[in-house]
Asker: 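One structure, pasted below without further comment.
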2 protein chains.
Amino acid sequence: MAKDMTLWWGSGSLPCWRVMIALEEKKLQGYNQKLLSFEKGEHKSKEVMDVNPRGQVPAFKCGDKIINESYGACFFLECEYKSQGTKLIPENSSEKALVLQRTFEGNTLHQKMVDVFMYNRRVPENERHESAFKRLKETLTGEVQMWEGYLQKVRE
Amino acid sequence: MAKDMTLWWGSGSLPCWRVMIALEEKKLQGYNQKLLSFEKGEHKSKEVMDVNPRGQVPAFKCGDKIINESYGACFFLECEYKSQGTKLIPENSSEKALVLQRTFEGNTLHQKMVDVFMYNRRVPENERHESAFKRLKETLTGEVQMWEGYLQKVRE
């Protein structure tokens, strides 16, 4: 059943990992996958643009259905294969609330990581500021500390 | 049943609207709501910080459960009140895929809007660049054109 699924992905992309982990957890091994080279610009190739006009990964096709948004793909797989593999959204209301809260909070962590790690790649040299980069790093530090706190609570 | 729900929200906040629309669509009128003043910094008050340590809106409590992430709150309400009010996630696989794709793509549109509209508020004066602001506006224009294309297809 995973044979009619195709995932275009790039190494080091957290949104791609999100979908790959969901596919594994839902026992959908055996899907088609194509590893793209960012350096060669393969994510902007016609093949990918036909599936994801944004020219981004993941690009994900499930039969004739396209869900390129990584969160969307995860929810789609959970809805379509509810009773298969790991239950990604718990039945219990309290656990469900916590899972959904942390799921989407994860995007904030990711965004703040990207802001720091991609600063030099995304911001043209003449627009860079030490003060801006310092602020982004402090914001990320605060975010990571928040997650450390969450993990601490889980351990207690 | 909505009586044990409380939403802290701020005027003009798209993530707040997201939750408010979901509450209405799921026929959960009658929830408690508190409109906060950003100008007065009420979103950083102890009352809000106790619910949402990020000091952001929406802050949303459903009984003893807290889901501040707007997407999380919407999915939580849909899961908990599946057969009540509007079905937010269609049963049909193709429609489901499209709804999930556009739902999360909406966040990209929102982010690009924020980047432009909040530029002067978020970027300190000495770090502002005409070139950066121009690029952000062009990016938003491209995004809006993409959505115009989606709407065009729906109309056809």
Side-chain angles (χ1 to χ4, degrees), chain A residues 15 18 52-54 56 60-82 88-108 111 122-124 126-135 142-143 145-146 149-150, chain B residues 15 18 52-54 56 60-81 88-108 111 122-124 126-136 142-143 145-146 149-150:
Chain A
R18 213 175 265 150
N52 189 351
R54 293 180 182 275
Q56 291 172 343
F60 182 61
K61 226 175 152 176
C62 186
D64 59 351
K65 294 168 283 296
I66 291 171
I67 320 121
N68 299 314
E69 291 292 322
S70 62
Y71 277 116
C74 293
F75 276 91
F76 181 80
L77 294 173
E78 173 62 9
C79 288
E80 295 286 286
Y81 303 96
K82 192 158 265 189
L88 299 181
I89 302 177
E91 284 292 337
N92 173 283
S93 294
S94 295
E95 291 175 7
K96 187 188 294 167
L98 186 59
V99 163
L100 288 169
Q101 170 65 18
R102 292 287 182 267
T103 296
F104 292 106
E105 242 182 308
N107 203 33
T108 300
Q111 202 48 60
R122 293 206 172 168
V123 182
N126 65 316
E127 293 175 11
R128 288 178 207 156
H129 294 271
E130 264 309 313
S131 53
F133 190 57
K134 184 167 175 279
R135 198 168 53 246
E143 183 68 28
Q145 280 164 350
M146 188 164 262
Y150 297 157
Chain B
R18 214 175 263 150
N52 189 351
R54 293 181 183 275
Q56 291 173 343
F60 182 59
K61 226 175 153 177
C62 186
D64 59 351
K65 295 169 282 295
I66 291 171
I67 320 121
N68 299 315
E69 291 292 322
S70 61
Y71 277 115
C74 293
F75 276 92
F76 181 80
L77 293 173
E78 174 63 10
C79 289
E80 294 286 286
Y81 303 96
L88 299 180
I89 303 176
E91 284 293 336
N92 174 283
S93 294
S94 295
E95 291 175 7
K96 188 188 293 166
L98 185 60
V99 164
L100 288 169
Q101 170 66 18
R102 293 286 182 268
T103 296
F104 291 107
E105 242 182 309
N107 203 33
T108 299
Q111 202 48 60
R122 294 206 172 168
V123 182
N126 65 317
E127 293 176 10
R128 289 178 207 157
H129 294 271
E130 263 310 312
S131 52
F133 189 57
K134 184 167 174 281
R135 198 168 52 248
L136 291 172
E143 183 69 28
Q145 280 164 350
M146 189 165 264
Y150 296 157

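The sequence lines fix the lettering, A, B, ..., with proteins before strands; numbering per chain opens at 1.
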Asker: For the NZ atom on B:Lys61, are there more than 12 heavy atoms of other groups (residues, nucleotides or ligands in this structure) within a distance under 6.0 Å?
Answerer: no
Asker: Over all heavy atoms of both residues, which pair between A:Arg54 and B:Thr108 is shortest? Give the atoms and the distance, please.
Answerer: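 Closest approach of A:Arg54 to B:Thr108, heavy atoms only: NH1-CG2, 3.7 Å.
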Asker: Identify which of A:Pro124, A:Ala97, A:Gly142 forms the greatest number of heavy-atom pairs closer than 4.5 Å to chain B.
Answerer: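 Result: the option with the highest number of such pairs is A:Ala97.
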Asker: Relative to the ring of B:Phe104, is the ring of A:Phe75 parallel (under 30°), tilted (30 to 60°) or perpendicular (over 60°)?
Answerer: parallel
Asker: Name the region of A:Ser94, side chain, backbone, both or neither, that has any atom closer than 4.5 Å to a heavy atom of chain B.
Answerer: both
Asker: Quick one: side-chain hydrogen bond (donor to acceptor under 3.5 Å, both in side chains) partners of B:Arg122, sequence neighbours excluded?
Answerer: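 Residues passing side-chain hydrogen bond (donor to acceptor under 3.5 Å, both in side chains) with B:Arg122: none at all.
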Asker: Side chain, backbone, both or neither: which part of B:Ser131 has a heavy atom under 4.5 Å from chain A?
Answerer: both
Asker: Could you look at B:Arg135 and say if it's the side chain, the backbone, both or neither that has a heavy atom under 4.5 Å from chain A?
Answerer: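 Side chain only.
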Asker: Any side-chain heavy-atom pair from B:Gln111 and A:Gln111 closer than 4.5 angstrom?
Answerer: no
Asker: Pick whichever of B:Ser93, B:Gly72, B:Ala73, B:Cys79 has the most heavy-atom pairs under 4.5 Å with chain A.
Answerer: B:Ser93
Asker: So which residue, B:Gly63, B:Ala132, B:Cys62, ends up with the most heavy-atom pairs under 4.5 Å with chain A?
Answerer: B:Ala132
Asker: Assess the residue pair B:His129 and A:Arg128 against the criterion (side chain to side chain contact (heavy atoms under 4.5 Å, CB included)); give the C-alpha distance rounded to whole Å, side-chain angles, the decisive distance to 0.1 Å, and a yes or no.
Answerer: CA-CA 10 Å; B:His129 294 271; A:Arg128 288 178 207 156; over 6 Å; no
Asker: Which pairs pass side-chain hydrogen bond (donor to acceptor under 3.5 Å, both in side chains) with one or both residues in residues 64-77 of chain B, sequence neighbours excluded?
Answerer: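 For residues 64-77 of chain B, and leaving out neighbouring residues, the side-chain hydrogen bond (donor to acceptor under 3.5 Å, both in side chains) pairs sorted by first residue read B:Arg18-B:Ser70.
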Asker: Answer with side chain, backbone, both or neither: which region of B:Ile66 has an atom nearer than 4.5 Å to a non-hydrogen atom of chain A?
Answerer: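 B:Ile66 touches chain A through backbone heavy atoms alone.
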